[in-house]
J.: 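Here you go, one structure.
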Amino acid sequence: MNIVAILGSPSKSSRTARLIEHAARRLQPAGIQVDSVSIYDFPADDLLYGNFAAPAVQALQQRVSAAQGVIIATPVYKAAYAGALKVLLDLIPEGGFAGKPVLPLASGGSPGHLLAVDYAIKPVLAALKASEIHQGVFAVESQIGRGEHGELATELAARLDVAVDEFAALLRSTPPAAATPRLPDDFISRLISL
């Protein structure tokens with residue numbers, strides 16, 4: 001079983017990425033592989049202009065389509081998710097999360113940003129037709145160690161473990177999506193050229 005983790009952080013050395021890494025380690029023994037993606041996996045022009053015909057964008061769409069579930073991870077700034085996440089989610093077709101459970105993860109400077117998960121992130125996931133949206137986990141940045149292998153605070157790690165285990169249960173209970181007809185690889189480019 002595989003899932004896609006979409007990291008919406010504008011930083012290459014993101015503390016928010018530690019949340020995905022922790023979740024991936026927790027899911028691996030259950031046979032669930034996590035395929036992570038961030039804005040750094042795409043040419044800037046393809047992101048800036050929303051180039052749906054770009055190979056990297058089409059590959060993302062195929063990865064999301066083939067995944068059994070999705071993890072969304074973003075830092076929260078001024079009670080809103082990161083623009084980098086918005087850019088990536090805009091590359092996913094309407095209904096792109098249909099039949100897929102989603103686990104939202106967010107980090108912010110203070111607990112005052114906690115409600116961003118419910119009021120900013122979940123409506124976007126619902127618009128993408130996620131089958132079930134987990135309540136998610138909000139982490140205060142001080143609970144996430146700095147550096148490439150920053151440790152999570154014990155309390156945060158425990159909350160994240162519970163959420164990941166619940167997400168894994170959702171993945172196992174979600175029936176496989178019905179096969180949808182696949183558009184030819186050059187469909188988007190032919191449509192754009194019209």
Side-chain angles (χ1 to χ4, degrees), residues 3-30 32 34-41 47 64 67 69-92 96-97 100-171 173-174:
I3 63 170
V4 172
I6 300 174
L7 175 60
S9 176
S11 171
K12 279 192 176 184
S13 59
S14 168
R15 285 185 281 188
T16 308
R18 305 291 88 76
L19 301 176
I20 290 176
E21 292 164 5
H22 184 92
R25 283 191 302 273
R26 183 81 178 180
L27 291 167
Q28 189 173 20
I32 301 170
V34 178
D35 179 18
S36 294
V37 62
S38 80
I39 60 168
Y40 294 100
D41 298 326
L47 295 174
V64 169
V70 180
I71 294 176
I72 299 293
T74 181
V76 174
Y77 307 111
K78 298 181 183 175
Y81 56 87
L85 179 62
K86 172 78 168 110
V87 168
L88 291 172
L89 292 178
D90 283 348
L91 299 176
I92 297 169
F97 289 170
K100 300 175 193 319
V102 179
L103 173 62
L105 306 175
S107 65
S110 76
H113 296 295
L114 172 68
L115 294 178
V117 174
D118 287 331
Y119 293 107
I121 299 170
K122 286 184 179 180
V124 175
L125 301 177
L128 288 167
K129 309 289 188 243
S131 66
E132 291 191 54
I133 304 171
H134 188 277
Q135 72 181 29
V137 174
F138 180 83
V140 176
E141 289 177 354
S142 63
Q143 296 175 309
I144 305 169
R146 292 193 176 272
E148 190 174 322
H149 302 289
E151 294 295 319
L152 303 183
T154 304
E155 181 272 335
L156 171 59
R159 285 190 299 117
L160 189 53
D161 287 347
V162 169
V164 169
D165 291 348
E166 291 170 353
F167 179 63
L170 283 175
L171 291 168
S173 68
T174 302

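If you read the sequence from its start, that first residue is 1, and numbering goes on from there.
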J.: Between Ala106 and Val76, what is the shortest heavy-atom contact and its length?
T.: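 Looking at all heavy atoms of both residues, the shortest contact is CB-CG2, 3.8 Å.
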J.: Ignoring hydrogens and geometry, is there a side-chain-to-backbone donor-acceptor pair from Arg159 to Phe138 under 3.5 Å?
T.: yes
J.: Please round to the nearest 0.5 Å and tell me the distance separating atom CG of Leu105 and atom NE2 of His22.
T.: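 If we round to the nearest 0.5 Å, Leu105:CG and His22:NE2 are 10.0 Å apart.
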J.: Roughly how far apart are Arg15 CZ and Ile144 CD1, rounded to 0.5 Å?
T.: 6.5 Å
J.: Tell me, with the steps shown, if Leu91 and Leu47 meet side-chain contact (heavy atoms from CB on, under 4.5 Å).
T.: CA-CA 8 Å; Leu91 299 176; Leu47 295 174; 3.7 Å; yes
J.: Run the side-chain contact (heavy atoms from CB on, under 4.5 Å) check on Ile71 and Leu7 step by step: do they pass?
T.: CA-CA 8 Å; Ile71 294 176; Leu7 175 60; over 6 Å; no
J.: Does Ser107 reach the main-chain N or O of Glu141 with its side chain, forming a donor-acceptor pair under 3.5 Å?
T.: no
J.: Asp90 side chain to Val87 main-chain N or O, any donor-acceptor pair under 3.5 Å?
T.: no
J.: Say you draw a straight line from NZ of Lys86 to CD1 of Ile121; how long is it, rounded to the nearest 0.5 Å?
T.: 13.5 Å
J.: Where is the tightest heavy-atom contact between Ser14 and Thr16, given as atom of each residue plus distance?
T.: OG-N, 2.9 Å
J.: Roughly how far, to the nearest 0.5 Å, is CD1 of Ile72 from CG of Leu128?
T.: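 Going from CG on Leu128 over to CD1 on Ile72, the span is 8.0 Å.
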J.: Please list, chain by chain and in numerical order, all residues satisfying side chain to side chain donor-acceptor pair (under 3.5 Å) with Arg25, sequence neighbours excluded.
T.: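 Applying side chain to side chain donor-acceptor pair (under 3.5 Å) to Arg25 gives none.
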J.: Do Ile6 and Ile92 touch side chain to side chain, with heavy atoms closer than 4.5 Å?
T.: yes
J.: Once you round to the nearest 0.5 Å, how far does NZ of Lys129 lie from NZ of Lys100?
T.: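 Spacing of NZ (Lys129) from NZ (Lys100) equals 15.0 Å.
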J.: Please report the closest heavy-atom contact between Ile32 and Ala168, naming both atoms and the distance.
T.: CD1-CB, 4.0 Å
J.: Measuring from atom CG of Leu170 to atom OG of Ser131, what distance do you get when rounded to the nearest 0.5 angstrom?
T.: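 Answer rounded to 0.5 Å: 7.5 Å.
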J.: Between Gly8 and Thr74, what is the shortest heavy-atom contact and its length?
T.: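 So the minimum-distance heavy-atom pair works out to O-OG1, 3.7 Å.
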J.: Return the minimal non-hydrogen interatomic distance between Ala126 and Ile133, and the atom names on each side.
T.: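 So the minimum-distance heavy-atom pair works out to N-CD1, 3.7 Å.
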J.: List for me each residue that meets side chain to side chain donor-acceptor pair (under 3.5 Å) alongside Glu132, sequence neighbours excluded, and say none if there are none.
T.: none
J.: Between Leu27 and Val34, what is the shortest heavy-atom contact and its length?
T.: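 Looking at all heavy atoms of both residues, the closest pair is CD1-CG2, 3.9 Å.
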J.: Has the side chain of Lys122 got a donor or acceptor atom that lies under 3.5 Å from a matching backbone atom of Pro104?
T.: no
J.: For the pair Tyr40 (side chain) and Pro10 (backbone), establish whether a donor and an acceptor sit closer than 3.5 Å, ignoring hydrogens and angles.
T.: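 Checking the backbone N and O of Pro10 against the side chain of Tyr40, a donor-acceptor pair under 3.5 Å is found.
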